[in-house]
Amino acid sequence: MNHPSDTIGVESWLKAHPPLPASFFRRPTLELAQALLGKIVVHIAPEGVAAGRIVETEAYLGPHDKAAHSYGGRMTPRTRIMYGPPGYSYVYKIYGMYDCLNVTAGPEGEPQAVLIRALEPVFGETLMHERRRRPKQRKLLTAGPGRLTQALGITTAHYGLPLFVPPLYIACGDDVPPERIVRGKRIGIDYAEEARDYLWRFWIHDHPFVSVLPKQNRSV
DNA sequence: CCAAAGATCGTCT
DNA sequence: GACGATCTTTGGA
């Protein structure tokens, strides 16, 4: 299967989408979760380059957030990277079979992160299609945290990498204006008591690659 | 279209 | 030893 984006030279595409600076990540986590919308996740792998625009994120705010892996200040080999500086990859395995990509956030010592929940394919779609075992619906390539990591070839082997240098980085893309950002409750954390109601999920309004469309929406 | 169930293993208790 | 910041498949309406 061929795709128009594959005909663009890899080198010229990469040159047009350089990494954002480390300073980009240095802002309050709820702001970062929104600032990441429209930016592009790029992975340069041996088998090729794949990239997607971020259209959905969730913020996890550390020791006081019952839905966060770092709730209560838990410090384990898995959560360690969240205690470091912002802009690093926190990749974890979920349900034994899927990998989820997070961007560490907040200043050093504050174990916070932003989960990347959905992308819109922008480069290397043929490669993504292969990695995803050729789904029938294009949306199934990258709509969902487990799907997008599989499409981009991201695994727990990429744990702890800086996301402002190759081979895995966040590239400049669009700034999404506030009026196009919608917020709602986070997905799959019903056990988290009061934290289940926090509106810490953000997505681009009406975007076709958003993973789940909830009933209770609210503009930012 | 939706709900239910199974898959499968790293991580923490 | 239990469970999950998920996804796929299946079966019924």
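Chain letters run A, B, ... following the sequence lines, proteins first and then strands; every chain starts at 1.
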Please report the shortest heavy-atom distance between G184(A) and W203(A), naming the atom on each side. N-CZ3, 3.4 Å
Could you tell me if R138(A) sits above the aromatic ring of F209(A), with its cationic atom closer than 6.0 Å to the ring centre and no more than 45 degrees from the axis? no
With centres under 5.5 Å and planes under 30° as the test, does Y60(A) stack with dA5(C)? yes
Please state whether the phosphate of dT8(C), meaning OP1 or OP2, lies under 4.0 angstrom from any side-chain nitrogen or oxygen of R147(A). yes
Measure from CZ on R134(A) to P on dC7(C) and round the result to the nearest Å. 21 Å
N/O (side chain, Y71(A)) to phosphate O (OP1/OP2, dA5(C)) under 4.0 Å: no
In whole angstroms, the gap separating C1' of dT6(C) from OH of Y92(A) amounts to 9 Å
Does H69(A) have a side-chain nitrogen or oxygen under 4.0 Å from the phosphate oxygens OP1 or OP2 of dT11(B)? no
Partner of L37(A) under side chain to side chain contact (heavy atoms under 4.5 Å, CB included), chosen from D174(A), I54(A), D175(A): I54(A)
Touch check for L115(A), heavy atoms < 4.0 angstrom, all strands: base, sugar-phosphate only, or nothing? base
Between dA5(C), dG10(B), dG4(C), spot the one nearest the side chain of K93(A), thanks. dG10(B)
Using whole Å, report how far CH2 of W203(A) lies from P of dA5(C). 19 Å
Counting heavy atoms from C-beta on, name the nucleotide in dC12(B), dG4(C), dA5(C) closest to the side chain of I189(A). dA5(C)
Between I154(A) and D99(A), does the side chain to side chain contact (heavy atoms under 4.5 Å, CB included) criterion hold? Intermediate values first, please. CA-CA 8 Å; I154(A) 297 167; D99(A) 297 296; 6.0 Å; no
Let me know, please, whether T156(A) or Y98(A) comes out on the 5' side of the other along DNA chain B by nearest nucleotide. Y98(A)
Nearest-Å distance, CG (D99(A)) to C1' (dA5(C))? 13 Å
What's the CZ-P distance between R80(A) and dT11(B), to the nearest Å? 12 Å
State the CG-CD1 distance between L101(A) and I116(A), to the nearest 0.5 angstrom. 5.5 Å
Answer yes or no: does a side-chain N or O of R132(A) lie under 4.0 Å from OP1 or OP2 of dT8(C)? yes
Taking CE from M97(A) and C1' from dA5(B), how many angstroms apart are they, rounded to a whole number? 12 Å
Atom CE of M75(A) to atom C1' of dC12(B): distance rounded to whole Å? 15 Å
OP1 or OP2 of dT6(C) less than 4.0 angstrom from a side-chain nitrogen or oxygen of R117(A), does that happen here? yes
Grab the CD1-C1' distance between I94(A) and dA7(B) for me, whole Å please. 13 Å
Any strand is fair game: report the nucleotide pairing with dT8(B) by Watson-Crick or G-U wobble, both distances under 3.5 Å, or none. none
Using a cut-off of 4.0 Å on non-hydrogen atoms, how would the nucleic acid contact of R78(A) be classed: base, sugar-phosphate, or nothing? sugar-phosphate
